[in-house]
Amino acid sequence: MSSEAVLHPGVAVAHTEGHHDVHHHKQSFITKYIFSQDHKIIGKQFLITGIIWAVLGGLMSVLFRLQLGFPDTTFPWLETILGKWGKGGHISQEAYYSLTTIHGTVMIFFVLTAGLSGTFANFLIPLQIGARDMASPFMNMLSYWFFFAASIIMLSSFFVQTGPFAGGWTAYPPLSALGEASPGSQTGMDLWLASLILFVVSQLLGGLNYISTVLNMRTKGMSMTRLPLSTWGVFLQAILGVLSFPVLFSGFILLIFDRHFGTSFYLSDIYIQGVGALPHEGGNAILYQHLFWFLGHPEVYIAILPAFGIVSEVMSTNARKPIFGYSAMVMSMFAIVILAFLVWAHHMFVSGMNPFLGSIFVLLTLLIAVPSSIKVFNWLTTLWRGNIRFTPAMLFCIGFVSVFISGGLTGIWLGNSAIDIHIHDTYFVIAHFHLVMGVASMFGMFCGVYHWFPKMFGRMMNSTLGSIHFWITIVGAYLIFWPMHYEGLAGMPRRYYDYSSWESFKQFIELNKFISICAIITFFAQFLFLFNFFHSIFKGRKLTSKNPWKSNALEWTTPINPGHGNWPGEIPEVHRWPYDYSKDGHDFIPQTVPVGEEDKMDEQV
């Protein structure tokens with residue numbers, strides 16, 4: 001009988017169907033850490049790869065912010081490190097558009113999707129539901145390697161002669177469908193498509209695994225209404241991805257046909273100077289926009305749903321209070337998943353849409369504010385009169401709520417077609433989605449890493465460095481993105497290489513310089529996190545207790561360094577939800593403690 005069963009007589013009973021314990025398998029370094037089928041190792045692989053992409057994507061933003069902040073300044077070192085891309089000390093136009101395109105692509109797909117959900121879905125689901133591993137560990141391993149292959153192909157596009165794709169992360173035709181459109185529309189676009197197709201395959205393999213695991217492999221007593229909200233977040237994110245990514249996949253396949261097989265799904269009546277009329281007819285680029293945004297808008301929630309769950313879990317643990325409105329939190333996430341499929345056309349208000357149809361999408365878009373507001377209300381109510389522990393994870397948790405509210409309020413503006421037509425494709429949009437999606441999701445990711453680092457590596461991160469990292473990051477985020485709202489309201493367009501030729505936008509030269517300086521400082525402040533993370537893996541304070549945060553969730557009942565299979569003996573049975581904090585005179589009551597036996601629980605669980 002397991003140690004848990006000894007500590008709680010009658011709790012852990014035999015529950016071995018389908019379980020596997022591979023401790024007896026002798027594993028080499030390659031099978032244990034490279035081609036591993038252990039969900040915990042795969043989660044770490046997603047995390048490390050996501051961190052590498054976050055650094056590269058952030059560095060790209062620093063480079064193009066140099067152009068936006070200092071359009072008339074020469075930086076000779078740019079030519080030294082970038083060659084023809086930085087000729088004469090300026091970022092070239094082709095390089096600028098490639099950097100903005102690849103920055104958007106990798107930050108949204110490779111960092112906020114794979115880095116966030118890939119890490120925490122893999123790491124947390126089996127541990128929190130009481131399973132040995134995912135339903136298919138082999139498919140799970142493949143999901144990472146498809147993502148890794150996608151990463152290599154995307155990176156390789158920087159080394160082709162014509163450069164990476166430069167037509168924007170949305171890859172609208174004709175820039176993406178015609179090789180003649182720009183240098184980046186040639187081989188770079190083919191590599192972009194190949195990379196994202198592999199990425200979609202990775203997401204589908206992972207998503208099907210997450211859904212199957214949650215539905216079929218929960219331990220005894222772990223009903224759906226006892227799932228931690230962090231598991232609910234990644235479970236619903238997986239459903240959203242499985243239903244929406246195939247549409248994007250189809251859109252990419254049609255794009256490949258247009259590019260290489262003479263079809264005209266997206267092209268019609270195209271003339272190119274010096275070439276004349278191209279042999280395309282009958283297609284419509286708006287079709288691509290519909291297919292793209294049918295995934296593109298749910299993608300916002302694919303990125304942030306895991307953060308919703310992580311923040312709820314960490315907030316309750318560190319406020320030492322039950323999460324307020326558990327059922328409302330779950331139902332609001334369900335509502336967001338459903339509404340996410342019904343609002344894609346609000347990205348297309350300026351595409352010539354019928355105003356009546358537009359008004360329907362306005363209504364559906366604004367409805368999302370209801371479940372979002374429920375979540376915010378419940379988070380604030382959970383914090384109210386809580387015995388709050390300001391750990392780095394909790395700071396990022398509170399910071400998440402702050403930027404989610406700030407970015408969410410501006411979403412109401414953009415969801416209204418009458419206002420959106422004025423500020424469409426301006427810096428107002430940049431500010432909105434960077435706050436509500438980019439910064440909020442990154443805060444959810446930081447929150448999760450700081451909280452579950454002890455479970456991942458058996459050591460603690462430095463909390464002082466973590467706190468400094470938080471304060472620089474949140475101040476920097478507001479200083480970067482808040483002023484962009486004003487630029488957007490004044491009509492300043494996004495993606496422009498040089499705005500100084502327009503008299504009306506010269507007033508923002510000093511403001512853009514300020515934003516760029518803040519962006520550079522905030523980017524380099526992230527190296528505090530990188531140092532803390534990698535240093536703590538090897539030199540961080542070792543855990544002496546397997547439950548350092550005194551949490552109720554099931555993952556903290558595993559050994560400090562759990563092997564493949566997670567629990568050495570029987571998997572413990574669950575008797576209650578995971579949010580019994582400060583109840584009946586107990587600071588916390590783990591899920592494994594039977595109702596009525598709280599006084600017998602072992603504080604070391």
Identify the residue among F470, F404, W471, F529 that makes a ring pair (Phe, Tyr, Trp, His ring centres under 6.0 Å) with F396.
-> F470
Using 30° and 60° as the class limits, which term best fits the ring planes of Y97 and Y497: parallel, tilted or perpendicular?
-> tilted
Partner of F308 under ring pair (Phe, Tyr, Trp, His ring centres under 6.0 Å), picked from F235, W232, W379, is W379
Close side-chain approach of F109 and M154, heavy atoms under 4.5 Å = no
Have S117 and Y210 got a donor and an acceptor in their side chains that come within less than 3.5 Å?
-> no
For L339 and V343, which heavy atoms make the closest approach, and how far apart are they?
-> O-CG1, 3.4 Å
If we ignore angles and hydrogens, is there a donor and acceptor under 3.5 Å between the side chains of E487 and T426?
-> no
Heavy-atom neighbours of R389 CZ exceed 12 at 6.0 Å | yes
How are the rings of Y172 and Y288 set relative to one another: parallel (under 30°), tilted (30 to 60°) or perpendicular (over 60°)?
-> perpendicular
Taking the six-membered ring for Trp, is the centroid-to-centroid distance between F538 and F534 below 6.0 Å?
-> no
Where does the angle between the aromatic ring planes of W169 and W293 fall among parallel (under 30°), tilted (30 to 60°) and perpendicular (over 60°)?
-> perpendicular
Donor + acceptor pair across side chains of T231, Q128 (<3.5 Å) = yes
From CD1 (I405) to OG1 (T410), nearest 0.5 Å = 12.0 Å
What pairs with H297 under ring-ring contact (aromatic ring centres under 6.0 Å, His included), at least two apart in sequence or on another chain?
-> Y301, H346, H347
Indicate the atoms forming the closest heavy-atom contact of N566 with P126, along with that distance.
-> ND2-CB, 4.0 Å
Check for a donor-acceptor pair, side chain of N462 on one end and backbone N or O of N532 on the other, with a separation under 3.5 Å.
-> no
With distance as the sole test, does S402 use its side chain to make a donor-acceptor pair with the main-chain N or O of I398 at under 3.5 Å?
-> no
Heavy-atom check, side chain of V429 versus side chain of D425, under 4.5 Å | no
Start with the C-alpha distance between M333 and L240, add both sets of side-chain angles, then the distance that settles side-chain contact (heavy atoms from CB on, under 4.5 Å), and finish with yes or no.
-> CA-CA 11 Å; M333 284 196 280; L240 201 52; over 6 Å; no
I537 side chain reached by R459 side chain, heavy atoms, under 4.5 Å | no
Ignoring hydrogens and geometry, is there a side-chain-to-backbone donor-acceptor pair from Q237 to A303 under 3.5 Å?
-> no
Output the distance between atom CE (M456) and atom OG (S536), rounded to the nearest 0.5 Å.
-> 13.0 Å
Closest heavy-atom pair and its distance - P454, L543 | O-CD1, 3.5 Å
With a 4.5 Å limit on heavy-atom distance, are the side chains of P562 and K40 in contact?
-> yes
Would you say the side-chain atoms of T317 pair up with the backbone N or O of S551, donor to acceptor, closer than 3.5 Å?
-> no
Can you name the nearest heavy-atom pair linking I480 to A519, along with the distance?
-> CD1-CA, 3.5 Å
To the nearest 0.5 Å, how far apart are CZ in F428 and NE2 in H485?
-> 5.0 Å
Between I304 and A440, what is the shortest heavy-atom contact and its length?
-> CD1-CB, 4.0 Å
Do side-chain atoms of S202 reach the backbone of F146 as a donor and acceptor pair under 3.5 angstrom?
-> no
With no hydrogens and no angle check, is any side-chain donor or acceptor of T100 less than 3.5 Å from a backbone partner on Y96?
-> yes
Give the intermediate values and the outcome of side-chain contact (heavy atoms from CB on, under 4.5 Å) for residues M461 and V449.
-> CA-CA 9 Å; M461 293 181 76; V449 170; 4.2 Å; yes
Are Y478 and V439 close enough that some pair of their side-chain heavy atoms sits under 4.5 Å apart?
-> no
Is the count of non-hydrogen atoms from other residues, nucleotides or ligands lying under 6.0 Å from Y496 atom OH greater than 12?
-> no
With no hydrogens and no angle check, do the side chains of H39 and N140 hold a donor and an acceptor under 3.5 Å apart?
-> no
Distance under 6.0 Å and angle within 45° of the ring axis: does K44 meet both against Y33?
-> no
Is the closest side-chain donor-acceptor distance between Y144 and N122 under 3.5 Å?
-> no
Sole candidate of W145, F110, W192 that passes ring pair (Phe, Tyr, Trp, His ring centres under 6.0 Å) when paired with F199 | F110
Would you check, one step at a time, whether the test side-chain contact (heavy atoms from CB on, under 4.5 Å) holds for S250 with L291?
-> CA-CA 8 Å; S250 305; L291 295 175; 5.5 Å; no
Without swapping roles, check the side chain of S316 against the backbone of S312 for a donor-acceptor pair under 3.5 Å.
-> no
Does one side chain, of N512 or R65, offer a donor that lies under 3.5 Å from an acceptor on the other?
-> yes
Any side-chain donor-acceptor pair under 3.5 Å between E94 and S182?
-> no
So, for F457 and F453, is the gap between ring centers shorter than 6.0 Å?
-> yes
Has the side chain of S195 got a donor or acceptor atom that lies under 3.5 Å from a matching backbone atom of L191?
-> no
When you look at CD1 of I30, are more than 12 heavy atoms from neighbouring residues, nucleotides or ligands closer to it than 6.0 Å?
-> no
Should F252 and F249 count as side-chain neighbours, where that means a heavy-atom distance under 4.5 Å?
-> no
Please lay out, stage by stage, how I102 and L56 fare under the test side-chain contact (heavy atoms from CB on, under 4.5 Å).
-> CA-CA 10 Å; I102 304 300; L56 293 175; over 6 Å; no
Any side-chain heavy atom of L479 sitting closer than 4.5 Å to one from F514?
-> yes
For the atom pair CD1 (I430) and CZ (R494), what is the distance rounded to the nearest 0.5 Å?
-> 4.0 Å
Heavy-atom nearest pair, A238 first then G207, reads CB-O, 3.8 Å
Say you draw a straight line from CG of L205 to CE of M141; how long is it, rounded to the nearest 0.5 Å?
-> 11.0 Å
Do the ring centers of F46 and F120 come within less than 6.0 Å of each other?
-> no
Euclidean distance, Q67 CD relative to Y499 OH, rounded to 0.5 Å = 8.5 Å
Flag side-chain contact, heavy atom, 4.5 Å: F400 against I310 | no
